[in-house]
Number of protein chains: 2
Amino acid sequence: MYMKNFPVDRRVIKSKQALKDALLNLMNKTEFKDITITDIVQTANLNRGTFYKHYEMKEHIFDEIIDDVLSDLIESYRDPYKGVEIFELNKLLPSGIKLFDHVEKHKEFYILILQSNKLAGFQHKICAVLKELALKDLFDSQMESSINPEINASYQAYAIFGMIVEWVSSEFKYSSNYMANQLFELIMLRHSDNIYKIQ
Amino acid sequence: MYMKNFPVDRRVIKSKQALKDALLNLMNKTEFKDITITDIVQTANLNRGTFYKHYEMKEHIFDEIIDDVLSDLIESYRDPYKGVEIFELNKLLPSGIKLFDHVEKHKEFYILILQSNKLAGFQHKICAVLKELALKDLFDSQMESSINPEINASYQAYAIFGMIVEWVSSEFKYSSNYMANQLFELIMLRHSDNIYKIQ
DNA sequence: CTCCATTTGTCTATTAGTCTACAAACATTC
DNA sequence: GAATGTTTGTAGACTAATAGACAAATGGAG
């Protein structure tokens with residue numbers, strides 16, 4: 001995941017955001033390949049020159065959307081741990097789980113990549129990020145266990161992603177808080193399982 | 001109601017709109033007099049210089065908001081008549097009544113002026129516009145009647161405004177379509193009354 | 001009243017975005 | 001395949017918006 005040096009000028013941020021919003025919006029109605037640059041700048045309400053100032057092709061807009069979403073995913077995942085030295089499960093309150101707020105925030109994006117066949121590849125990208133995050137946590141907490149950290153991380157990552165898939169395809173029937181609670185309870189359940197097995 | 005020569009540059013339109021949105025937004029939480037120009041440009045996410053390029057004081061922003069709303073009010077009122085030579089009541093379908101769509105569109109504004117004591121003066125401005133519109137219609141259609149057109153127009157204007165007040169204070173409990181239907185039925189009712197009296 | 005922080009209005013240099021126009025590449029239709 | 005319209009990429013002249021700095025005005029708090 002590459003990172004461009006962040007723009008400082010408000011105008012740049014706003015213009016780029018408008019282009020990203022426009023592209024996502026158009027992708028809900030039209031095939032990516034059929035979307036013209038003229039379409040994008042028209043829905044973004046910008047001059048075509050502005051597009052060429054920041055991007056070379058429409059693909060680059062989408063690349064940046066991915067970057068944005070993944071960065072925000074990482075941030076929201078880590079947010080509950082902020083300032084916490086040692087990982088303590090009982091301090092991880094459901095309200096601290098910002099993950100589903102993140103999904104809701106990028107609703108349009110998630111609907112898109114879950115519905116489209118062609119964009120399915122990005123699902124793995126998301127899971128890979130989730131796995132890395134989980135792996136980092138596990139490394140800090142359960143080094144003595146006999147469980148393979150990679151497998152455990154992947155297990156957790158895809159489990160969470162499963163919840164997201166379910167949520168999105170239910171058309172966001174539940175609140176993000178409800179989803180956070182569900183995740184919390186599932187974690188607790190799994191944790192008590194472990195304790196049971198150890199005893 | 002005066003009309004500034006419309007700006008052509010997108011940037012101007014966007015910046016001004018951002019300032020208007022910001023002001024309306026702030027007025028929901030803070031007294032007008034306590035809102036600083038710094039507050040406005042910060043919520044609008046614009047440089048302070050941009051404010052001074054378009055306005056001299058915050059009052060001028062609000063003046064333009066009023067202009068916008070009243071212009072849109074007139075347009076939405078007249079929309080059903082577009083292209084119609086002679087006023088025919090039975091052709092005025094409920095779906096053609098765009099008035100409540102207008103109110104919904106400017107929700108924030110209407111809530112503001114109906115809740116605030118200090119902004120109550122603008123209610124009369126709106127009614128005055130509605131009366132003028134009604135007067136124009138009446139002039140075209142019922143010159144032979146013995147009813148005083150001014151009184152009739154004012155009657156109609158305040159009647160419609162009454163519906164708006166009710167709708168706003170119900171916190172938009174009904175759909176704009178429902179409101180349009182209600183208005184339509186009320187007009188029909190009154191019309192058939194008239195026929196009854198004539199016969 | 002004095003001190004301190006905030007807001008205000010104004011300014012400059014720089015950059016982003018605008019509009020317009022153009023020729024070349026692409027598509028469609030006949 | 002010629003003719004038509006649309007999209008593309010690029011360029012130039014112009015204007016709006018930016019960040020940043022500044023002194024003056026305003027406004028509390030001690």
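In what follows, chains are A, B, ... by sequence order, proteins preceding strands, each numbered from 1. Note that these values count all heavy atoms, side chains included, but never hydrogens, waters or copies made by symmetry.
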Using whole Å, report how far [atom1] of [X] lies from [atom2] of [N].
X	N	atom1	atom2	answer
H54(B)	dG9(C)	NE2	P	16 Å
I13(A)	dA19(D)	CD1	C1'	13 Å
D34(B)	dT6(C)	CG	C1'	14 Å
R48(A)	dA23(C)	CZ	C1'	12 Å
R11(B)	dA16(C)	CZ	P	12 Å
I37(A)	dT10(D)	CD1	P	10 Å
Q17(B)	dA17(D)	CD	P	13 Å
Y55(B)	dG9(C)	OH	P	16 Å

| said: Return whichever of R10(B) or T36(A) has its heavy-atom-nearest nucleotide of DNA chain D closer to the 5' end. | reply: T36(A)

| task | Would you mind telling me which residue lines up with the more 5' stretch of DNA chain D, K14(A) or T38(A), judged by nearest nucleotide? | result | T38(A)

| Donor-acceptor pair between E64(A) and Y55(A) side chains, under 3.5 angstrom | yes

| query | So D39(B) and T36(B), side chain to side chain donor-acceptor pair (under 3.5 Å) or not? Walk me through it. | reply | CA-CA 5 Å; D39(B) 287 337; T36(B) 70; 3.2 Å; yes

| request: Ignoring hydrogens and angles, tell me if any N or O in the side chain of D68(A) forms a donor-acceptor pair with the backbone of I65(A) under 3.5 Å. | output: no

| message | Whether N47(B) contacts dA17(D) is assessed here as follows: a side-chain N or O lying under 4.0 Å from the phosphate OP1 or OP2. Is that the case? | response | no

| OP1 or OP2 of dA16(C) sitting under 4.0 Å from any side-chain N/O of T50(A)? | no

| query | Got Q182(A) and Y174(A) here, is their nearest side-chain heavy-atom distance under 4.5 Å? | reply | no

